[in-house]
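The structure is given below, and queries will be raised subsequently.
Throughout, a chain's letter reflects where its sequence line sits, starting with A, and its residues are numbered from 1.
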Protein chains: 2
Amino acid sequence: MRAWVRLAKAQQIALAAIENALNDADLPPLVWYDVLLEVERAKEKGIRPFELERAMLLAQYNLSRLLDRIERAGYVERAACVEDGRGQVIRITELGKSVRRRMWPVYAGAIERAVGEKLSANEALALVGLLGRLTTPEAGKSAGGA
Amino acid sequence: MRAWVRLAKAQQIALAAIENALNDADLPPLVWYDVLLEVERAKEKGIRPFELERAMLLAQYNLSRLLDRIERAGYVERAACVEDGRGQVIRITELGKSVRRRMWPVYAGAIERAVGEKLSANEALALVGLLGRLTTPEAGKSAGGA
DNA sequence: GGTATATGAATGCAATTGCATCTAAACGAT
DNA sequence: ATCGTTTAGATGCAATTGCATTCATATACC
């Protein structure tokens with residue numbers, strides 16, 4: 001229980017710091033970064049919205065509209081999908097790439113202040129390990145998971 | 001950096017699980033629980049919105065409207081503040097208490113599944129310690145921690 | 001081939017959030 | 001007492017989110 005409360009609070013504080021930093025720098029919100037990063041990683045081949053949806057744990061309608069906005073800003077392009085007539089393919093634009101690059105130092109700086117400065121390298125590593133246990137779908141605690 | 005990413009993901013997953021559990025049980029969202037708990041702790045004396053605001057890291061306008069909704073549901077009552085003509089005092093109602101009590105097992109169960117089941121007691125304790133470092137306003141990395 | 005079901009994505013509408021601004025009361029200095 | 005400033009809280013309006021539903025194509029079954 002205490003772990004959950006602190007988890008929530010730590011995340012809330014760090015997230016607010018990051019969003020503020022981006023906002024102050026007149027840059028888009030953090031989710032945009034995540035989307036742009038995923039889309040950029042997909043290169044020319046692009047990525048399907050439903051893949052993005054799963055990668056980012058975003059609700060379908062939510063992603064649909066987020067892509068609307070990012071597209072309207074000119075950071076990604078939607079194209080009809082050849083293999084699947086229902087679907088589409090998202091590709092990043094040059095403008096999108098440049099915005100993502102500009103977001104990175106601001107994002108990284110905020111994380112450094114919110115997390116890096118507060119933990120030693122070993123502590124950060126330990127935290128990564130513990131949090132990793134929470135994100136796996138596995139049961140986890142007992143050895144012989146059935 | 002990796003620590004932040006995992007922190008965000010772990011929180012997101014756990015939060016979604018909790019909100020879903022509450023939703024499935026036809027109970028109000030998690031913030032309502034937090035508010036009700038704080039207000040209930042203040043007993044008859046009540047609590048001022050601005051205190052709540054600081055305790056919960058909520059934006060002022062956000063809290064104002066959240067209290068509107070919780071009040072409309074009949075779970076808290078607003079009263080003019082005697083000592084400060086600008087302010088008010090929030091008190092929980094019997095209905096509010098009972099709802100908070102009904103929320104607890106659902107909330108606790110979701111946390112147990114999202115966190116408790118994935119970590120041993122020692123691991124959970126270690127996580128509490130590490131996350132605590134992130135929520136202190138202090139710089140933190142150097143050894144002199146309180 | 002024809003119909004039922006499942007999947008990818010969009011959308012109407014209500015609820016919530018964020019931003020900026022506003023009101024009123026308290027404080028502080030004259 | 002009066003004026004400027006700060007603090008507590010509310011609110012108009014735009015943007016975002018959530019829910020339910022819709023549309024269109026793909027797949028499975030017969």
Side-chain angles (χ1 to χ4, degrees), chain A residues 12 15-35 38-39 42 46-73 75-91, chain B residues 12 15-35 38-39 42 46-73 75-91:
Chain A
Q12 188 186 5
L15 179 64
I18 293 166
E19 295 287 14
N20 274 332
L22 289 169
N23 208 352
D24 290 351
D26 282 307
L27 288 167
L30 182 54
V31 259
W32 286 43
Y33 183 90
D34 293 329
V35 168
E38 289 291 334
V39 176
I47 189 171
R48 301 286 301 274
F50 75 93
E51 299 177 287
L52 217 42
E53 185 186 328
R54 278 148 207 186
M56 302 189 39
L57 306 176
L58 237 63
Q60 181 269 319
Y61 53 82
N62 216 327
L63 177 61
S64 173
R65 275 156 168 158
L66 179 55
L67 288 173
D68 284 349
R69 281 172 253 145
I70 301 181
E71 182 188 29
R72 214 177 315 134
Y75 300 163
V76 301
E77 281 173 344
R78 279 168 155 139
C81 180
V82 189
E83 304 142 16
D84 189 333
R86 296 165 301 185
Q88 32 181 254
V89 170
I90 310 293
R91 289 193 193 80
Chain B
Q12 188 186 7
L15 179 65
I18 293 166
E19 294 288 13
N20 273 333
L22 289 170
N23 207 351
D24 290 350
D26 281 306
L27 288 168
L30 182 53
V31 259
W32 288 43
Y33 183 90
D34 293 328
V35 168
E38 290 292 333
V39 177
I47 188 170
R48 300 284 301 275
F50 76 92
E51 298 177 289
L52 217 42
E53 186 186 328
R54 277 146 207 188
M56 301 188 42
L57 306 176
L58 237 62
Q60 181 270 319
Y61 53 82
N62 215 327
L63 177 61
S64 173
R65 276 158 168 157
L66 180 55
L67 287 173
D68 284 349
R69 281 172 252 145
I70 301 181
E71 182 187 31
R72 215 177 314 133
Y75 300 162
V76 301
E77 280 172 344
R78 278 168 157 140
C81 180
V82 187
E83 305 141 15
D84 188 333
R86 297 165 300 183
Q88 32 180 258
V89 170
I90 310 293
R91 290 194 193 79

**OP:** Would you mind reporting whether L52(A) and L67(A) have side-chain heavy atoms less than 4.5 Å apart?
**Re:** yes
**OP:** Heavy atoms only: give me the nearest D34(A)-M56(A) pair and the separation to one decimal.
**Re:** CB-CE, 3.8 Å
Original post:
Would you say the base of dG12(C) and the side-chain of R65(A) have a donor-acceptor pair closer than 3.5 Å?
Top reply: yes
Original post:
Is the shortest heavy-atom distance from the side chain of E19(A) to the side chain of L22(A) under 4.5 Å?
Top reply: yes
Original post:
Are the side chains of R48(A) and V89(A) in touch, meaning some heavy atoms are under 4.5 Å apart?
Top reply: yes
Original post:
salt bridge (Lys or Arg N to Asp or Glu O under 4.0 Å) with E38(B): which residues, sequence neighbours excluded?
Top reply: R41(B)
Original post:
Does OP1 or OP2 of dA10(C) have a side-chain N or O of Q88(A) closer than 4.0 Å?
Top reply: yes
Subject >> Close side-chain approach of L57(B) to Q12(A), heavy-atom, < 4.5 Å >> reply: yes
Subject >> Position toward the 5' end of DNA chain C (nearest nucleotide), A59(B) or D84(A) >> reply: D84(A)
Using nucleotides 1-7 of chain C, report all nitrogen or oxygen pairs with the protein that are shorter than 3.5 Å.
{"from": "dT7(C)", "atom 1": "O2", "to": "R86(A)", "atom 2": "NH1", "distance (Å)": "2.7"}

Original post:
Can you find a heavy atom in the side chain of R78(B) that is under 4.5 Å from one in the side chain of D68(B)?
Top reply: yes
**OP:** May I ask you to test the Q88(B)-I90(B) pair for a side-chain heavy-atom distance under 4.5 Å?
**Re:** yes
Original post:
Starting at the 5' end of DNA chain D and moving along, which residue's nearest nucleotide shows up first, P29(A) or R78(B)?
Top reply: R78(B)
Subject >> Contact interval (first through last nucleotide) of DNA chain D with protein chain A, 4.0 Å heavy-atom >> reply: dT16(D) to dA26(D)
**OP:** Considering just the side-chain nitrogens and oxygens of Y61(B), establish if one lies under 4.0 Å of OP1 or OP2 belonging to dA20(C).
**Re:** no
Subject >> Side-chain N or O of R48(A) closer than 4.0 Å to phosphate OP1/OP2 of dA9(C) >> reply: yes
